[in-house]
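Everything below concerns the one structure shown next.
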Amino acid sequence: MNILVITEQRDGKVKKASYEAIRAAKNVAGELNADVTAVLFGADEAAAKAMGGYGAAKTVHVADEKLNLYSNGAYVKSVVQIAEKEGADIVMLPATALGKDLAPRLAVRMDGALAPDVTELSVDDGDIVALRPVYAGKALIKVKVTSLKKVFSLRPNVFSAGEADGAEAQVEAFSPQLDDADFVTKSTGTSIASGKLDVAEATAIVSGGRGLQAPENWNLIEDLASALGAATGASRAVVDAGWRPHAEQVGQTGKTVSPNLYVACGISGAIQHLAGMSSSKVIVAINKDKDAPIFQVADYGIVGDVFEVVPALTDELKSFLGN
Amino acid sequence: MNIFVCVSHVPDTTTKVQVGEDGKSIDPSGVTWILNPYDEYAVEAALQLKEAREGEVTVVCFGPDAVKETIRKGLAMGADKGLHIKSDQPRDSFGTAKALAETLKDREADVIFCGRQSIDYDGWQMAGLLGEMLDLPSVTVASKLEIKEDGSIEAEREIEGGMETVVSKLPAVISAQKGLNDPRYPKLQGIMQAKRKPIEDVEPSPYKNRVEVLEMSKPPVKSAGKIVGEGPDAVKELVKLLHEEAKVI
Ligand SMILES: Cc1cc2nc3c(=O)[nH]c(=O)nc-3n(C[C@H](O)[C@H](O)[C@H](O)COP(=O)(O)OP(=O)(O)OC[C@H]3O[C@@H](n4cnc5c(N)ncnc54)[C@H](O)[C@@H]3O)c2cc1C
Ligand SMILES: Nc1ncnc2c1ncn2[C@@H]1O[C@H](COP(=O)(O)O)[C@@H](O)[C@H]1O
């Protein structure tokens, strides 16, 4: 048996969530008596080999220029061909923007079903049990996919990729059979703000809320974020006010994040905000209202004015971290 | 244009979720049900398309009788008619998609709109499932959308750290993301009219779930931590704790 893991690269660089998915697959593969085969679209052979360091015995490398940019039709068809060739009934992939788009089509084409946005995998009686948050993380469900073919998308930043152990995957080049019709839907380009970390991928996040009072004050948030090497996030109140782009919104109708460190500045902690960030490993809250609900979920709180506390924290961190 | 919008009937975002007696789903008592927030963007996109090109907007929902209430919300916003796929048997996403697909397959849809995600089971999968089952293209999580006269589609979708431009063509399934438009509020007149708009009932064919829920639980409650102190004087202690105790810096 074989578990296929679809990895992801952008501009030739493999995303961390891909390594997390390989490692997560490897961790259940033992009990299932399965091998892990990675699939890589684009990038180079060195990147394909490096998948071995996280547990892939083999990488199927699809080096077709037409596939460097994502097309759901072409990717689905390619993965199905690879899964057949590799005898893989199980496919895992990161629940990134790409993974979320690809996974459902893939599940149907394989005549299987999808367990999306999984945060824990285990094996019970020879079968995979997946844990996934529902109702914006207010509840968790354990599920089994009962069809023979199974697809699991894994929430980024939850599974640990660990350190690469130096092993190399055997690399096999593969050219999928594709028609023009497979490319009806395709990406024609991306615009990525350079040097900007995305909240969904960051290991630390500094978020600001209405307590910041005006968009001009966002330098406080940005300075603290840069001292921590963190991404910047926002509450919906400030996104709706047009102070910050929607891509930064954390919460039930924004992004769900689980960084190692989440710093909430001038955010009250409404239930919809908590839904998106309460699974963060360590939460720090800075708010002038000692009764703000954010303190209910915070590991560490400072009661005070963001205009005084945030710059002081930035300075303290800079001197502590020596930069 | 023949436009369909799939809508989902979900607990209000302020709901304090409790596990129900079966241990596998939520306790519905005291829950206020709403039109899934993302589906408001989907309905609005459908209405704007109709206003620009003429045609008809049908709101579709799979579920028990209670979902009619949500269908009526779509009608109150301005959709022309409803389609209720009646079932008291809850289904997994694949089964819901199957019911939607078999109902829509001979109805010559030009566009089927969905929301990016239903805020109950947070699947993010319906548009892709439906697209594949109906053999139609799918464009998901669109926060900008242009449907040209010749049926070609250009959309923008959020990706990690930026945006992606996607092209496709009609007929297609499109899922809506916040930012796509500003959903209109139903007016009193719309709410009155909605009561008289037709809702067609259909029966889905039988289905056995492919994803079995073994148990539902509540996440471990995070207990309130410590207040390190007040004002800027507390930051030194905070940094120390983050380093020594929490070990995150
Ligand atoms: C359907 C729906 C979906 C939603 N989805 C989301 C979502 O995804 N994400 C989200 O965030 N919200 C969401 N909300 C909105 C949510 O209910 C809250 O309105 C929002 O989170 C509040 O943002 P805030 O904390 O920035 O503002 P407020 O609630 O106004 O809080 C501001 C906080 O700043 C503090 N403050 C003020 N001045 C200072 C100062 N000088 N120093 C220190 N502290 C100060 C105040 O004490 C207060 O606690 C949603 C709501 C609905 C109805
Ligand atoms: N029971 C349902 N009936 C009709 N449409 C639905 C139903 N459930 C979900 N949808 C649609 O699918 C979208 C995504 O849902 P999901 O994949 O469940 O997160 C929703 O925003 C709706 O547009």
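A, B, ... follow the sequence lines: proteins, then strands. Residue 1 opens every chain.
For Asp92(B), no part lies near chain A; criterion is any non-hydrogen pair under 4.5 Å. Interface remark: Ser152(B) contributes no atoms to any contact with chain A (heavy atom separation under 4.5 Å). Using a 4.5 Å cut-off between heavy atoms, Gln177(B) contacts chain A through its side chain alone, with no backbone atom that close. Only the side chain of Leu228(A) comes within contact range of chain B, with heavy atoms under 4.5 Å apart. Neither the backbone nor the side chain of Val141(B) has a heavy atom closer than 4.5 Å to any heavy atom of chain A. Proximity to chain A is limited to the side chain of Phe94(B), based on heavy atoms less than 4.5 angstrom apart. For Leu238(B), the part lying near chain A is the side chain, with the backbone staying farther off; criterion is any non-hydrogen pair under 4.5 Å.
Using a cutoff of 4.0 Å between basic side-chain nitrogens and carboxylate oxygens, Lys144(A) and Glu212(B) are not scored as salt-bridged.
Under the 4.5 Å side-chain criterion, counting only non-hydrogen atoms from C-beta, Pro116(A) is not in contact with Trp124(B).
Looking only at atom types and distance, the side chain of Lys178(B) has a donor-acceptor partner in the side chain of Gln249(A) under 3.5 Å away. The closest side-chain donor-acceptor pair between Glu164(B) and Thr190(A), if any, does not fall under 3.5 angstrom.
Of the possible polar contacts, none joining the Glu230(B) side chain to the Ile302(A) backbone as a donor-acceptor pair under 3.5 Å is found. Side chain of Arg210(B) to main chain of Val145(A): no donor-acceptor pair is present (N/O by atom type, distance under 3.5 Å, no hydrogens or angles). No donor-acceptor distance shorter than 3.5 angstrom exists from the side chain of Asp117(A) to the backbone of Gly123(B), with no hydrogens or angles considered. Side-chain atoms of Asp122(B) come within 3.5 Å of backbone atoms of Ala136(A) as a donor-acceptor pair (strictly under, hydrogens ignored).
Distance check: Arg105(A) CZ to Leu129(B) CG gives 9.5 Å after rounding to the nearest 0.5 Å. Lys138(A) NZ to Thr13(B) OG1: the interatomic distance, rounded to the nearest 0.5 Å, is 6.0 Å.
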